[in-house]
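All remarks here apply to the structure that follows.
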Amino acid sequence: MSRAADRLKVVVNHLDRPSSFVQASTSGQNVAYYQPQALRYSFDNDLLSTEQRISYEEDGFLLIKGLVSGEDIDRFRAAFERICRREVQVPGLVVMRDVSIAKSEFVPDQKAISKLQDFQEEPELFRYCSLPQILNYVECFTGPNIMAMHTMLINKPPDTGNKTSRHPMHQDLHYFPFRPADRIVCSWTAMEKVNRQNGCLVVLPGSHHGTLKEHDYPEWEGGVNKMYHGVRDHDPNHPRVHLEMEKGDTVFFHPLLIHGSGKNQTQGFRKAISCHYASADCYYIDVRGTTQENIGQEVKEIAARKYAVDDVTFEDTWAVRGRLVQGERTNL
Ligand SMILES: CCCC(=O)SCCNC(=O)CCNC(=O)[C@H](O)C(C)(C)COP(=O)(O)OP(=O)(O)OC[C@H]1O[C@@H](n2cnc3c(N)ncnc32)[C@H](O)[C@@H]1OP(=O)(O)O
Ligand SMILES: Nc1ncnc2c1ncn2[C@@H]1O[C@H](COP(=O)(O)OP(=O)(O)OP(=O)(O)O)[C@@H](O)[C@H]1O
Ligand SMILES: O=C(O)CCC(=O)C(=O)O
Ligand SMILES: [Fe+2]
Ligand SMILES: [Mg+2]
């Protein structure tokens with residue numbers, strides 16, 4: 001064994017808790033990295049307790065109660081309502097209506113919107129992605145160079161009876177042509193109480209240990225929303241956990257975690273705000289010939305229409321939306 005490796009062993013042995021990332025230094029110079037197999041999903045940076053790191057490792061998600069203030073949530077809600085009332089025009093914003101009402105003519109506007117995507121040009125909503133208390137957690141998973149890659153405000157409508165308000169079980173990595181998966185994390189914040197009644201998140205703990213599965217439109221009789229692909233087959237006996245949350249509670253989860261949400265059986269619009277972060281050191285992959293080819297093709301077609309151009313790559317659609325929120329934009 002080399003002397004550097006010997007030194008590392010000593011450093012590691014002296015730690016009083018497990019560490020996934022030990023940087024050994026000899027007269028200020030980095031000599032090596034050591035990442036024991038035991039904890040590969042998070043970095044040790046004094047914020048997460050060992051219990052929290054192990055729980056993310058085992059389950060693929062970590063729920064932090066009360067992370068975002070009620071005041072901030074109210075401001076996000078107000079910004080959402082301004083968009084619904086069409087008081088502001090936001091470049092790049094995607095406004096999605098539930099498939100069950102998308103083709104009907106008489107819908108009151110505020111209630112017609114089921115999801116906003118790509119709000120990176122709306123300063124008030126994008127403030128969510130830069131909240132210091134969120135970034136502190138995100139850094140545990142991505143490291144210090146952080147890109148906000150994908151933003152959403154989900155306004156899950158009361159189910160119209162055909163169950164289209166459900167979000168099929170899926171892995172978010174299906175949508176992302178960048179890697180490595182372990183350096184990507186979603187933060188999802190409840191904007192009000194969410195429970196099984198109004199369609200909270202449902203997760204399969206530990207499913208992030210698997211690989212990316214094949215996704216496609218589920219065969220639902222009542223219809224499925226555009227791009228709501230679901231995992232083709234997942235073990236129906238895998239334990240499911242319904243994540244019931246209070247306003248401001250935030251869950252961080254791994255992009256391979258299988259999750260979805262049930263129908264909204266209340267009359268209210270269940271609201272959540274979320275951002276997918278990735279290390280700026282991640283790299284793009286070519287999805288041709290992989291299970292992601294189908295979504296890549298769909299995204300390119302929509303983007304070509306949206307930007308009225310004929311040649312957009314899947315990678316381009318991500319590179320133009322990504323925004324640096326901490327550190328340096330090294331690669332993505
Ligand atoms: C980690 C990430 C996980 C995810 O992101 S999962 C969700 C992914 N979803 C998305 O990326 C959002 C996709 N949605 C969109 O891009 C837009 O909402 C969409 C579907 C293109 C509609 O754009 P609009 O500008 O509203 O266009 P439009 O009103 O003229 O409609 C165009 C055609 O699309 C249809 N449509 C609208 N909303 C839909 C829906 N929810 N599901 C299915 N089809 C829908 C609409 O009926 C219309 O069809 P047609 O051309 O009249 O036959
Ligand atoms: N019949 C189904 N086929 C495929 N996926 C389903 C089906 N029912 C529910 N799901 C998915 O499972 C996840 C959670 O479902 P859950 O059972 O919590 O919701 P629900 O069936 O709408 O409501 P509930 O069972 O609470 O009455 C969601 O991702 C949902 O889309
Ligand atoms: O808020 C929800 O219902 C889940 C949304 C989700 O998982 C997604 O859009 O990727
Ligand atoms: Fe998702
Ligand atoms: Mg059910």
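None of the values given here were measured: they were computed from a predicted structure. Order of listing sets the numbers, starting from 1, for every ligand and every atom in it.
Ligand 1 lies less than 4.0 angstrom from a heavy atom belonging to Val95. The closest approach between a heavy atom of His242 and any atom of ligand 2 is below 4.0 Å. Not a single heavy atom of Arg305 sits under 4.0 Å from any atom of ligand 1. Ligand 2 is approached by Arg240 to a heavy-atom distance shorter than 4.0 Å. Under a 4.0 angstrom heavy-atom cut-off, His170 registers as lying outside contact with ligand 1. Residue-ligand proximity: Pro218 is placed with every non-hydrogen atom at 4.0 Å or more from ligand 2. Residue contacts with ligand 2 do not include His170, since none of its heavy atoms lies under 4.0 Å from the ligand.
In this model, no donor atom of one side chain and acceptor atom of the other lie less than 3.5 Å apart for Thr142 and Ser279. Side-chain polar atoms of Ser187 and Tyr137 form no donor-acceptor pair below 3.5 angstrom. With no hydrogens or angles considered, no side-chain donor-acceptor pair links His242 and Asn195 at under 3.5 Å.
Here the side chain of Asp316 pairs no donor or acceptor atom with the backbone of Val320 at under 3.5 angstrom. The main-chain N or O of His174 is found under 3.5 Å from a side-chain atom of Gln292 such that the two form a donor-acceptor pair. At distances below 3.5 Å, at least one donor-acceptor pair connects side-chain atoms of Arg329 with backbone N or O atoms of Leu332.
To the nearest 0.5 Å, atoms OG1 (Thr266) and CG (Asp159) are separated by 10.0 Å. In this structure, CG on Leu125 lies 12.0 Å from CG on Asp118, to the nearest 0.5 angstrom.
Looking at His167 against ligand 1, only its side chain comes within 4.0 Å, counting heavy atoms. Residue contacts with ligand 1 for Asn225 involve both N, CA, C or O and side-chain atoms from C-beta outward (heavy atoms, distance under 4.0 Å).
Distance check for His259 against the Fe ion (ligand 4): an N/O/S atom falls below 2.8 Å. For His167, every N, O or S atom stays at 2.8 Å or more from the Fe ion (ligand 4).
Aromatic ring centres of His229 and His215 lie farther apart than the 6.0 Å criterion allows. A centroid separation of less than 6.0 Å is found between the aromatic rings of His208 and Tyr41.
For the residues Ile295, Asp172, Thr164, the heavy atom positioned nearest atom 1 (C) of ligand 1 is part of Asp172. Nearest residue to atom 43 (C) of ligand 1 from Gln117, Lys226, His174, Met227 is Lys226 (criterion: closest heavy atom). The nearest non-hydrogen atom to atom 8 (N) of ligand 2, considering only Arg166, Lys163, Glu221, Lys263, comes from Arg166.
Near Trp220, with a cut-off below 4.0 Å to any heavy atom, the atoms of ligand 2 are 3 (N), 4 (C), 5 (N), 31 (O). Less than 4.0 angstrom separates some heavy atom of Met169 from each of these atoms of ligand 2: 13 (C), 29 (O). Of all atoms in ligand 2, listed by their number and element, those nearer than 4.0 Å to a heavy atom of Val202 are 14 (C), 18 (O). Which parts of ligand 2 touch Gly260 is read off a 4.0 Å heavy-atom cut-off, strictly below it: atoms 29 (O). Remark: ligand 1 atoms within the under-4.0 Å shell around heavy atoms of Lys115 are 6 (S), 7 (C). Remark: ligand 2 atoms within the under-4.0 Å shell around heavy atoms of His167 are 28 (C), 29 (O), 30 (C), 31 (O).
In Asp172, the N, O or S atom that comes nearest to the Fe ion (ligand 4) is OD1.
When each of Ser114, Ser165, Ser261 is tested with Lys156 by the rule side chain to side chain donor-acceptor pair (under 3.5 Å), just one qualifies, namely Ser261.
Salt-bridge check for Arg183 with Asp281: failed, with every basic side-chain N at 4.0 Å or more from each acidic carboxylate O. Ionic pairing of Glu246 and Lys193 is present here: one or more N-O contacts between side-chain nitrogen and carboxylate oxygen are shorter than 4.0 angstrom.
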